[in-house]
Amino acid sequence: MIKAVNINKSFGDLRVLKNVGLEIKRGEIVSIVGPSGAGKTTLLQIIGTLDKPDSGEVMINRTPVFNLPEKLLSSFRNQHIGFVFQFHQLLPEFSALENIMIPALIAKKSRDEAEKQAMELLTFLKIDDRAQHKPNELSGGEKQRVAVARALINNPDVILADEPSGSLDSKNKEELHRLFFELRDKFNQTLVIVTHDKELASISDRIIRMQDGVIISD
């Protein structure tokens, strides 16, 4: 479902990714691990089309994404890729419900349809009673569940998560890890997770280890 071929990326004189290649199948939960500076987040951002490689190719569902014009690439990202970040990236002025609806509204869904889908996700994630609360009124675990719901709203092909449990306590970490497997079971979600969490990595289907801009084991 995801294929990256010969990905290279530099920032100035620093070569961050060196001919990186990988394949990820639909329904897999894959953890990318390695020390800080290994290139994990850069690779995730390139797979997610948030950044472009200097050379190489990324295909998602056989679509060579970097051949798309910028406007079509933005639309592809919105419809096919969901993102979960370490610090949630929720907009503080909007409620949990409104934060979840944003990608659906960008995708031109009606407000009624977006709200219905967002409430269904809040119910599935067991935080429907927090729908009208703003981020500063939510716990860390609740914020991350809202972020997961936002990532799911357009039923993407893949969810990319960058240190999703990095800011959570042990109880919320465990709940989030369990949730990822529920998402795979219920929605056949593919998840690619950059993490330093050994427990999360150990229960993934695959562990990809990176060091100094290359994959050293898979």
Side-chain angles (χ1 to χ4, degrees), residues 1-66 77 80-87 144 147-148 151 156-170 172-185 187-218:
M1 199 205 82
I2 299 172
K3 186 175 183 180
V5 181
N6 294 331
I7 300 298
N8 289 279
K9 182 69 177 180
S10 296
F11 296 101
D13 295 330
L14 179 63
R15 195 172 172 202
V16 179
L17 296 175
K18 307 166 187 174
N19 293 316
V20 172
L22 58 79
E23 289 192 49
I24 295 167
K25 298 175 184 175
R26 182 176 297 280
E28 277 195 301
I29 297 178
V30 177
S31 287
I32 302 177
V33 304
S36 296
K40 308 182 298 299
T41 292
T42 300
L43 177 60
L44 197 75
Q45 289 175 337
I46 288 172
I47 291 172
T49 75
L50 295 175
D51 199 359
K52 292 186 177 182
D54 298 330
S55 61
E57 185 174 51
V58 173
M59 285 175 281
I60 300 176
N61 280 345
R62 300 181 181 176
T63 298
V65 292
F66 293 117
R77 182 189 308 123
H80 296 277
I81 306 170
F83 298 93
V84 180
F85 302 100
Q86 178 175 354
F87 297 109
Q144 200 59 299
V148 169
D157 295 310
V158 61
I159 290 180
L160 305 179
D162 191 3
E163 296 289 358
S165 58
S167 62
L168 301 179
D169 60 30
S170 56
N172 281 308
K173 277 185 184 183
E174 186 178 330
E175 289 181 358
L176 182 66
H177 298 172
R178 195 181 310 120
L179 173 61
F180 285 148
F181 285 86
E182 289 177 14
L183 295 179
R184 194 257 298 276
D185 294 341
F187 300 108
N188 194 30
Q189 276 295 338
T190 305
L191 292 105
V192 184
I193 306 164
V194 164
T195 185
H196 283 104
D197 192 304
K198 292 180 181 178
E199 181 186 343
L200 175 55
S202 70
I203 60 176
S204 302
D205 298 322
R206 284 167 58 200
I207 300 174
I208 295 173
R209 299 183 189 279
M210 294 189 68
Q211 186 172 316
D212 299 326
V214 298
I215 291 174
I216 58 173
S217 70
D218 183 350

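As the structure is a computational prediction, the values presented were derived from the model and not from experiment.
- Glu182 places no side-chain N or O within 3.5 Å of a backbone atom of His177 that could act as its donor or acceptor partner.
- In this structure, Ile216 CD1 and Met210 CE are separated by 9.5 Å, a value rounded to the nearest 0.5 Å.
- Here the NZ atom belonging to Lys40 is positioned 12.5 Å from the CD1 atom belonging to Ile208, to the nearest 0.5 angstrom.
- How far CG of Asp197 is from CG of Leu176: 9.5 Å, rounded to the nearest 0.5 Å.
- Looking only at distances, a side-chain donor or acceptor of Glu163 sits under 3.5 Å from a matching main-chain atom of His196.
- Under a 3.5 Å cut-off, the side chain of Arg206 and the backbone N or O of Glu28 do not form any donor-acceptor pair.
- Judged purely by atom type and a 3.5 angstrom limit, Thr190 uses its side chain to pair as donor or acceptor with the backbone of Gly27.
- With rounding to the nearest 0.5 Å, the separation of CG in Leu179 from CG in Leu191 is 9.0 Å.
- Put simply, the side chain of Lys52 never gets that close to the backbone of Phe66: no donor and acceptor are under 3.5 Å apart.
- Annotation: Arg184, atom CZ; neighbour count of heavy atoms from other residues, nucleotides and ligands within 6.0 Å is above 12.
- Between Pro64 and Glu57, the shortest heavy-atom contact is CB-OE2, 3.6 Å.
- Here the closest heavy-atom approach between residue Leu44 and residue Ala161 is recorded as CD2-O, 3.6 Å.
- Although no hydrogens or angles enter the test, the distance criterion places no donor-acceptor pair under 3.5 Å between the side chain of Asp162 and the main chain of Leu160.
- With Gln189 contributing its side chain and Pro156 its backbone, the two residues share a donor-acceptor pair below 3.5 Å.
- With respect to Leu17, the side chain to side chain contact (heavy atoms under 4.5 Å, CB included) criterion is satisfied by exactly one of Asn8, Leu43, Asp54, Val214: Leu43.
- Nearest heavy atoms, Ile81 versus Gly48: CD1-O, 3.7 Å.
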- [ ] Report the C-alpha distance between Ile203 and Phe181 in whole Å, list the side-chain angles of each, state the deciding distance to 0.1 Å, and finish with yes or no for side chain to side chain contact (heavy atoms under 4.5 Å, CB included).
- [x] CA-CA 10 Å; Ile203 60 176; Phe181 285 86; 3.6 Å; yes
Open item on the list: For Glu199 and Lys173: C-alpha separation, side-chain torsions, deciding distance, then whether salt bridge (Lys or Arg N to Asp or Glu O under 4.0 Å) applies.
Closed with: CA-CA 10 Å; Glu199 181 186 343; Lys173 277 185 184 183; over 6 Å; no
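- Applying the side chain to side chain contact (heavy atoms under 4.5 Å, CB included) criterion to Ser204, with sequence neighbours excluded, gives Ile29, Ser31.
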Open item on the list: Go through it in stages, so that I can follow the logic: the residues are Thr195 and Val33, the test is side chain to side chain contact (heavy atoms under 4.5 Å, CB included), and I'd like the CA-CA distance, side-chain angles, deciding distance and then a yes or no.
Closed with: CA-CA 6 Å; Thr195 185; Val33 304; 4.1 Å; yes
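- Here Ile207 contributes atom CD1 and Ile32 contributes atom CD1; the two are 11.5 Å apart, rounded to the nearest 0.5 Å.
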Open item on the list: side chain to side chain contact (heavy atoms under 4.5 Å, CB included), that's the test. Do Val30 and Lys25 meet it? Break it down for me.
Closed with: CA-CA 9 Å; Val30 177; Lys25 298 175 184 175; over 6 Å; no
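- The two residues Gly21 and Ile215 make their nearest non-hydrogen contact at O-CD1, 3.4 Å.
- Residues satisfying the salt bridge (Lys or Arg N to Asp or Glu O under 4.0 Å) test with Lys18, not counting sequence neighbours, are none.
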